[in-house]
Student: 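Before anything else, here's the structure in question.
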There are 2 protein chains.
Amino acid sequence: MDIIPASPLIDPVSHRLGYLLRRASAAMMADLAHTLSSCGISPVEATVLVVIGANPGCTQSDIARLLGIKRANMVPIIARLGAEGWVERRPMNGRSHALHLTEAGMGVHNQAELRMNEQEERFSGLLQGQDAAALRAALALLVRTPEE
Amino acid sequence: MDIIPASPLIDPVSHRLGYLLRRASAAMMADLAHTLSSCGISPVEATVLVVIGANPGCTQSDIARLLGIKRANMVPIIARLGAEGWVERRPMNGRSHALHLTEAGMGVHNQAELRMNEQEERFSGLLQGQDAAALRAALALLVRTPEE
DNA sequence: TATTGTTATACTCTATAACTATA
DNA sequence: TATAGTTATAGAGTATAACAATA
């Protein structure tokens, strides 16, 4: 049950839900960053590409709300996706832009999605006897948090 | 299943394990930070207090290995716990120090542990019909990641 | 030689406040 | 008045490299 079995210390925290969530999330995010690095894209950028791919014409504020990212922090993300030629910004009504994937953007999108699927399967394979669907359902319940 | 039901967007990511882990971890950590703020302590500091409480005489390098924190990043954490008078550093062998909780440190430790237990129960209560023990077991499997 | 503790530093992520221009 | 996009900035958290003292 201890996360670091070789440690000479008693581990009084690895049974805690918050601690386990943090460590598991960090492990999977670090793995995903490495998995996606050959695509030249970060986990957040890949996620934004996937959202635009599923919602052609959405705005960056739409994406911010969906992903829980502050509006201000979307700016450098969209700027980079635009600079790479992966995302096109079409003026909508003067104050917002409709976002669309370019041809190159679709290519990166598809590559990134492939690797994300591969990673998902790899991590699901670690769940010896555990139900991956039940894990996802439980996590989704925790996201609806009494904060904000 | 969508995390933000009010969004006009199709949500193509909230079924992904990595995404759910990240959102759930962020939600619980933000809640914990708020829960512990009345103790004047951060989640990481509280975790370190708990580790020292369970392992009197351990070194900060021991704690770093257990919690997956870099040695260099332990310095300001231990410095703050020492400056508050919660942790005492007793010279061991010239290059390392044995860490112990002071009386005041035990008080903060107990308060923080109470609130962490309360938070744990509150979040476990969100798991409608889900098995909290199974969730923890599944998360622990994910922490052992093929990286590094 | 390897380890502990430390300094300095840099990079990412996140958060706020304020501004503009548009609706 | 509210929203979209932006700028600037500040604070965490995390990473590396290097060094001194010690084992």
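Numbered from 1 within each chain, the chains take letters A, B, ... in sequence-line order. Values below: every heavy atom of this structure, side chains too, minus hydrogens, waters and symmetry copies.
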Student: What's the CE-P distance between A:M74 and D:dT7, to the nearest Å?
Tutor: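 These atoms are roughly 14 Å apart.
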
Student: Expressed in angstrom and rounded to an integer, what is the separation of B:I69 atom CD1 from C:dT4 atom P?
Tutor: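 Atom-to-atom, B:I69 to C:dT4, this comes out as 15 Å.
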
Student: Looking at residues 45-61 of chain B, who's got a heavy atom less than 4.0 Å off DNA chain C?
Tutor: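 Those residues whose heavy atoms fall under 4.0 Å from DNA chain C, taken from residues 45-61 of chain B in numerical order, are B:T59, B:Q60, B:S61.
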
Student: Would you confirm whether A:Q119, through its side chain, and A:M28, through its main-chain N or O, come within 3.5 Å as a donor-acceptor pair?
Tutor: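 Checking the backbone N and O of A:M28 against the side chain of A:Q119, a donor-acceptor pair under 3.5 Å is found.
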
Student: C:dA15 P sits how many Å from A:L67 CG, rounded?
Tutor: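 After rounding, the gap between these two atoms is 13 Å.
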
Student: When you match A:S42 and A:M92 each to their closest nucleotide on DNA chain C, which lands nearer the 5' end?
Tutor: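 On the 5' side of the pair lies A:S42.
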
Student: Looking at C:dT14, D:dG5, C:dT7, which one has an atom nearest to any side-chain atom of A:R89?
Tutor: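 Closest nucleotide to the A:R89 side chain: D:dG5.
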
Student: Could you state the atom-to-atom distance from CG of B:D62 to P of C:dT4 in whole Å?
Tutor: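 Taking atom P of C:dT4 as the reference, CG of B:D62 is at 7 Å.
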
Student: Of A:R22, A:R23, A:R16, A:H15, which meets side chain to side chain donor-acceptor pair (under 3.5 Å) against A:Y19?
Tutor: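 Among the candidates, only A:R23 passes.
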
Student: Does A:T102 reach the main-chain N or O of A:G85 with its side chain, forming a donor-acceptor pair under 3.5 Å?
Tutor: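 Such a contact is found between A:T102 side chain and A:G85 backbone.
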
Student: So which protein N/O to nucleotides 16-20 of chain D N/O distances come out below 3.5 Å?
Tutor:
none

Student: Is it the case that A:S38 and A:R115 place a side-chain donor and acceptor less than 3.5 Å from each other?
Tutor: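 Yes, A:R115 and A:S38 have a side-chain donor paired with an acceptor closer than 3.5 Å.
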
Student: Please name all residues satisfying side-chain contact (heavy atoms from CB on, under 4.5 Å) with B:S37, sequence neighbours left out, ordered by chain then number.
Tutor: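 If we apply the side-chain contact (heavy atoms from CB on, under 4.5 Å) test to B:S37, skipping adjacent residues, there are no hits.
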
Student: What integer distance in Å separates B:M29:CE from C:dC13:P?
Tutor: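 Spelled out: CE on B:M29 to P on C:dC13 is 17 Å.
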
Student: With a 3.5 Å distance limit and no angle check, can you tell me whether B:D62 reaches the backbone of B:T59 through a side-chain donor-acceptor pair?
Tutor: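 Pair found, side chain donor or acceptor close to backbone of B:T59.
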
Student: For the side chain to side chain contact (heavy atoms under 4.5 Å, CB included) test, which of A:L101, A:L114, A:I41 pairs with A:H109?
Tutor: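 Single side chain to side chain contact (heavy atoms under 4.5 Å, CB included) partner of A:H109 among A:L101, A:L114, A:I41: A:L101.
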
Student: Expressed as a whole number of angstroms, how long is the span from A:I78:CD1 to D:dT7:P?
Tutor: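 To the nearest whole Å, that distance equals 14 Å.
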
Student: Verify, without hydrogens or angle tests, whether A:E120 (side chain) and B:L17 (backbone) share a donor-acceptor contact under 3.5 angstrom.
Tutor: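 Yes; at least one donor-acceptor contact below 3.5 Å.
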
Student: Is a side-chain N or O of A:D11 found less than 3.5 angstrom from the main chain of A:S14, in a donor-acceptor match?
Tutor: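 Pair found, side chain donor or acceptor close to backbone of A:S14.
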
Student: Is the base of C:dT4 touched by the side chain of B:R95 through a donor-acceptor pair closer than 3.5 angstrom?
Tutor: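 Absent.
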
Student: Rounded to whole angstrom units, what separation is found between the NE2 atom of A:H97 and the P atom of C:dA21?
Tutor: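 It works out to 13 Å between those atoms.
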
Student: Are any of A:R22's side-chain N or O atoms less than 4.0 Å away from OP1 or OP2 of D:dT14?
Tutor: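 Affirmative; the distance criterion is met.
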
